[in-house]
Peer 1: 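Let me give you the structure first, and then I'll get to my questions.
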Amino acid sequence: MMRERPLRVALLGCGVVGSEVARIMTTHTDDLTARIGAPVELAGIAVRRTGRVRAGVPQELITTDATALVKRGDIDVVVEVIGGVEPARSLITAAFEHGASVVSANKALLAQDGAALHAAAEARGVDLYYEAAVAGAIPLIRPLRESLAGDKVNRVLGIVNGTTNFILDRMDSSGAGYSEALDEATALGYAEADPTADVEGFDAAAKAAILAGIAFHTRVRLDDVHREGMTEVTAADFASAKQMGCTIKLLAICERAADGRSVTARVHPAMIPLSHPLASVREAYNAVFVEADAAGQLMFYGPGAGGSPTASAVLGDLVAVCRNKLAASTGPGESAYTRLPVSPMGEVVTRYHISLDVADKPGVLAQVATVFAEHGVSIDTVRQQGKDGDASLVVVTHRATDAALSDTVRALRRLDTVRGVASMMRVEGE
């Protein structure tokens, strides 16, 4: 039997994503009603400024008083798409206190304060859903915390930022430099006027923290994630990658240690073999590769940003939360029972591709090999090219701790025969 009183939804934010959420809610009312089992009504939309014209958005619902909207008392669900830590955190907390469940796309807030928000939601018997916080339209959060809840996830490896993937794809396919590729991404609307959050890895690091926490049932905060940007990646790096049968991607990597006693979370550029599924992810698309004991290898692929894709994830959560409201129940909350520590980057076991500028004379290779041996790092392959007294030495290592590899590079810089480290990059996906 269909419930007559509508479930009322407050929307916080009406930008690219929020306006699309509002449009779909007002134009697909009958479908949403049928899927939820009760009418759903957009009760108010909080924005910072009222002067802007928002096509397809009911102007009578617009307000600048977000606090009053979430505290109305008749709101069943609050959808938060304003981003940032404040005032989003205060508004979400207020929504919980007034009995509303929350659907959020706020990766920065969840990566920083996810545990506290989950605790606040649990205390009030309401839901906190956030599928849209990671990888846009790609169903990822719910499969990790529900579909794979009975499995043991060991690794999550992914491209979770469309801007950086577009830039690196252009550098790979056209030979463009970083600045040229960034300019193209900006002109096409893939990059913000200030692209720092994307190209320096902050956006991907927040998503990595969320993914690691869910995958490994432990608490991982943004500060736990090792982060490196991709602004120093060069055309020469891509040329070296191609010689190895690889390409370069900015990866978010979350791993359970081999002994199961700790986890790691990191974001950095890496070479991956062209045979790996992530190597073929082009343009501004996202893809996440999950490895689990029983399920094996799974890949999730699709558009990771944009108004419509992100709104799709928001509305999927909205339907789920509304169904829970009707059933007087809640969905999965935080699962952090393992309490695994997050190991520092120095303890991560990885491989390196290192390009050295060296003097072209006898004995150089032996000196370099000795340094690697002294630091316990085994060499997989080495390639040397020389001309007119200068040479390039490219070394690919076997797996060793990141600390040992970093110490090796510092020692190499002290050799008189080594004139510089042209580039160094981790190798993943093997």
Side-chain angles (χ1 to χ4, degrees), residues 104 106-119 121-122 128-135 138-161 201-228 250-268 270 278 286-300 331-350 399 401-402 426 428-430:
S104 176
N106 196 328
K107 54 189 171 288
L109 176 58
L110 289 160
Q112 179 173 308
D113 290 326
L117 292 175
H118 273 294
E122 183 178 1
L128 172 62
Y129 275 46
Y130 44 91
E131 185 67 63
V134 180
I138 304 171
L140 185 59
I141 301 298
R142 193 171 289 115
L144 280 174
R145 73 177 185 177
E146 296 183 32
S147 303
L148 295 173
D151 207 342
K152 179 183 177 184
V153 177
N154 296 307
R155 194 174 197 225
V156 179
L157 173 77
I159 299 165
V160 294
N161 182 276
F202 291 101
D203 175 84
K207 295 170 181 176
I210 295 169
L211 291 175
I214 296 170
F216 307 133
H217 302 277
T218 194
R219 287 179 178 170
V220 180
R221 288 171 49 89
L222 180 59
D223 293 343
D224 297 321
V225 182
H226 174 83
R227 177 195 54 80
E228 298 173 25
L250 184 75
L251 297 177
I253 305 170
C254 312
E255 293 178 306
R256 188 190 301 268
D259 61 8
R261 296 179 180 177
S262 64
V263 299
T264 60
R266 50 195 165 106
V267 168
H268 54 72
L278 291 178
N286 284 192
V288 177
F289 201 71
V290 177
E291 299 176 13
D293 274 0
Q297 297 179 334
L298 308 171
M299 183 162 162
F300 301 83
E334 183 189 32
S335 175
Y337 72 93
T338 63
R339 296 183 176 86
L340 295 173
V342 182
S343 297
M345 187 63 193
E347 296 178 12
V348 173
V349 177
T350 186
R399 290 171 65 83
T401 65
D402 199 78
R426 296 176 186 88
E428 300 287 346
E430 295 181 311

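Count residues from 1 along the sequence. As the structure is a prediction and not an experimental result, all values here were calculated from the model. No hydrogens, no waters, no symmetry mates; every other heavy atom, side chains included, goes into these values.
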Peer 1: Kindly indicate whether the side chain of Leu251, heavy atoms from C-beta on, has any atom under 4.5 Å from the side chain of Ile159.
Peer 2: yes
Peer 1: Let's go through His268 and Ile253 carefully: what are the C-alpha distance in whole Å and the side-chain angles of both, what is the deciding distance for side chain to side chain contact (heavy atoms under 4.5 Å, CB included) to 0.1 Å, and is it a yes or a no?
Peer 2: CA-CA 8 Å; His268 54 72; Ile253 305 170; 4.0 Å; yes
Peer 1: Once rounded to the nearest 0.5 Å, what's the spacing between atom CG of Leu222 and atom CD1 of Ile210?
Peer 2: 9.0 Å
Peer 1: Between atom CZ of Arg339 and atom OG1 of Thr218, what is the distance when rounded to the nearest 0.5 Å?
Peer 2: 8.5 Å
Peer 1: Are the side chains of Leu128 and Leu110 in contact, using a 4.5 Å heavy-atom criterion?
Peer 2: yes
Peer 1: Taking the six-membered ring of Phe202, is NZ or CZ of Arg227 closer than 6.0 Å to its centre and within 45° of its axis?
Peer 2: yes
Peer 1: So which atom in Ala212 and which in Val220 form the shortest heavy-atom distance, rounded to 0.1 Å?
Peer 2: CB-CG2, 3.9 Å
Peer 1: How many angstroms lie between atom CZ of Arg142 and atom CG of Leu148, to the nearest 0.5 angstrom?
Peer 2: 13.5 Å
Peer 1: Which is it for Val290 and Asn154 under the side chain to side chain contact (heavy atoms under 4.5 Å, CB included) test, yes or no, and what are the steps along the way?
Peer 2: CA-CA 8 Å; Val290 177; Asn154 296 307; over 6 Å; no
Peer 1: Quick one: does Thr338's side chain have a donor or acceptor within less than 3.5 Å of a partner on His217's backbone?
Peer 2: yes
Peer 1: To the nearest 0.5 Å, how far apart are OG1 in Thr350 and CD in Glu255?
Peer 2: 8.0 Å
Peer 1: Provide the closest heavy-atom pair for Ala292 versus Asp151 in the form atom of the first, atom of the second, distance.
Peer 2: CB-OD2, 3.5 Å
Peer 1: Is the CD atom of Gln112 crowded by more than 12 outside heavy atoms at less than 6.0 Å?
Peer 2: yes
Peer 1: Indicate yes or no: at least one non-hydrogen side-chain atom of Val153 is less than 4.5 angstrom from one of Ile214.
Peer 2: no
Peer 1: Charged N to carboxylate O under 4.0 angstrom, Arg266 versus Glu228?
Peer 2: no
Peer 1: Minimum heavy-atom separation for Ala252 to Ala208, with atom names?
Peer 2: CB-CB, 4.0 Å
Peer 1: Kindly indicate whether the side chain of Leu117, heavy atoms from C-beta on, has any atom under 4.5 Å from the side chain of Leu109.
Peer 2: yes
Peer 1: A side-chain contact here means heavy atoms from C-beta on lying under 4.5 Å apart; do Arg219 and Glu334 qualify?
Peer 2: yes
Peer 1: Under 30°, 30 to 60°, or over 60°: which ring-plane class applies to Tyr130 and His118, parallel, tilted or perpendicular?
Peer 2: perpendicular
Peer 1: Do you know the tightest heavy-atom contact between Val348 and Thr264?
Peer 2: CG2-CG2, 3.6 Å
Peer 1: Test Val134 against Lys107 for side chain to side chain contact (heavy atoms under 4.5 Å, CB included), laying out the working first.
Peer 2: CA-CA 7 Å; Val134 180; Lys107 54 189 171 288; 5.5 Å; no
Peer 1: Locate the shortest heavy-atom distance separating Ala135 from Asn286; write the atom from each residue and the value.
Peer 2: CA-OD1, 3.7 Å
Peer 1: Are Arg426 and Asp402 within salt-bridge range, i.e. N to O under 4.0 Å?
Peer 2: yes
Peer 1: Supply the atom-to-atom distance Ile141 CD1 to Ser147 OG, rounded to the nearest 0.5 angstrom.
Peer 2: 12.0 Å
Peer 1: Minimum heavy-atom separation for Met299 to Leu278, with atom names?
Peer 2: CE-CD2, 4.2 Å
Peer 1: Would Leu140 and Glu131 satisfy side chain to side chain contact (heavy atoms under 4.5 Å, CB included), going step by step from the backbone distance to the final call?
Peer 2: CA-CA 7 Å; Leu140 185 59; Glu131 185 67 63; 4.0 Å; yes
Peer 1: State whether the side chain of Ser335 and the backbone N or O of Arg145 hold a donor-acceptor pair below 3.5 Å, judged by distance alone.
Peer 2: no
